[in-house]
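Okay, structure first, notes after.
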Amino acid sequence: MILIGQYDSPFVRRVAIAMTLYGFVFEHRPWSTFGDGDLIAPFNPLRRVPTLVLDDGSVVIESACILDWIEEQKGDGHLIAKSGPERQKALYYMALSMGFSDKCVAMFYEKVLHQQTSDIWLNRLQTQIAAVLDRLNAIRAEAVTPWLLGQYLGHADIALGCAIRHAREAHGDAIDWKRWPALIAHSEACEALPVFDSISQPFIGPSSN
Ligand SMILES: N[C@@H](CCC(=O)N[C@@H](CS)C(=O)NCC(=O)O)C(=O)O
């Protein structure tokens, strides 16, 4: 099995962390979506990561679809509840976190790939980013358990941890993190874990990402 993509991507990183926690053995190809697009294209015409190539040669794309495949193979309910309200909550938190990452990626591309940026688009992205951080911060602050949904780290925690690290590195001071202390605390708790430490890569940007 081969996981394509660099670990400075929150989408690739959350998949690699989950696969590692479930004990999957996989090769990692840290190909850049821009610099190595021609290598990625035969596996994923969208030239996006994460792209997972299974042992039978079939391909799974989109981090949510890869997690779905992972859960189908090895899911035992410890990274996400198998059904019911706890599962719905986890999926909602994951979607908020990854939606936030989508907006952070869009804002980064807008700033570095366009000679003239669109104020309308950047303002919209900034509004979306601040609003989703408000929501995620409130959710995290309200959790009375060590992690979002209980005593143990789950997919929702991983998604949030990966999203925040990526945003902090990609946008630096452009996001005023003092407004969202529960998210900084969550990020620090995640990054202190050996699995987050071993599956990480400082953010470099589209030349490498
Ligand atoms: N919804 C996708 C988002 C993946 C994504 O945006 N990946 C970025 C790298 S962080 C990428 O491949 N960008 C290149 C492109 O979209 O052309 C997922 O969850 O897998």
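A quick note: this is a predicted structure, and the numbers were derived from the prediction, not measured. In what follows, every heavy atom counts, from backbone to side chain, and hydrogens, waters and symmetry copies are set aside. Order of listing sets the numbers, starting from 1, for every ligand and every atom in it.
R168 contributes atom CZ, which lies 10.5 Å from atom CG of D173 (distance to the nearest 0.5 angstrom).
Ligand 1 has no nitrogen or oxygen under 3.5 angstrom from a nitrogen or oxygen of F34. Taking any N or O of R48, backbone or side chain, at least one lies under 3.5 Å from an N or O belonging to ligand 1.
Between the side chain of N137 and the backbone N or O of A182, at least one donor-acceptor pair lies under 3.5 Å. Side-chain N or O atoms of S198 include one that pairs as donor or acceptor with a backbone N or O of P194 at under 3.5 Å.
Residue E62 places a heavy atom under 4.0 Å from ligand 1.
At a 4.0 Å heavy-atom cut-off, ligand 1 touches Y109 through the side chain alone.
Residue contact check: S9 has heavy atoms under 4.0 Å from atoms 10 (S) of ligand 1.
The aromatic rings of F108 and F203 stand perpendicular to each other, their planes meeting at an angle above 60°, with 30° marking the opposite boundary.
The option with the heavy atom closest to atom 18 (C) of ligand 1, from among P10, S63, G5, A170, is S63. Of the candidates I66, V12, T33, the one placing a heavy atom closest to atom 11 (C) of ligand 1 is T33.
Listed by chain and residue number, K89 satisfy the salt bridge (charged side-chain N to carboxylate O under 4.0 Å, His left out) test with E86 (two or more places apart in sequence, or in another chain).
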Enumerate, atom names and distances included, each donor-acceptor pair closer than 3.5 Å involving a side-chain atom of residues 148-157, sequence neighbours excluded.
unit_1: H155; atom_1: NE2; unit_2: E71; atom_2: OE2; d: 2.7
unit_1: D157; atom_1: OD1; unit_2: L148; atom_2: N; d: 2.8
unit_1: D157; atom_1: OD2; unit_2: G154; atom_2: N; d: 2.9

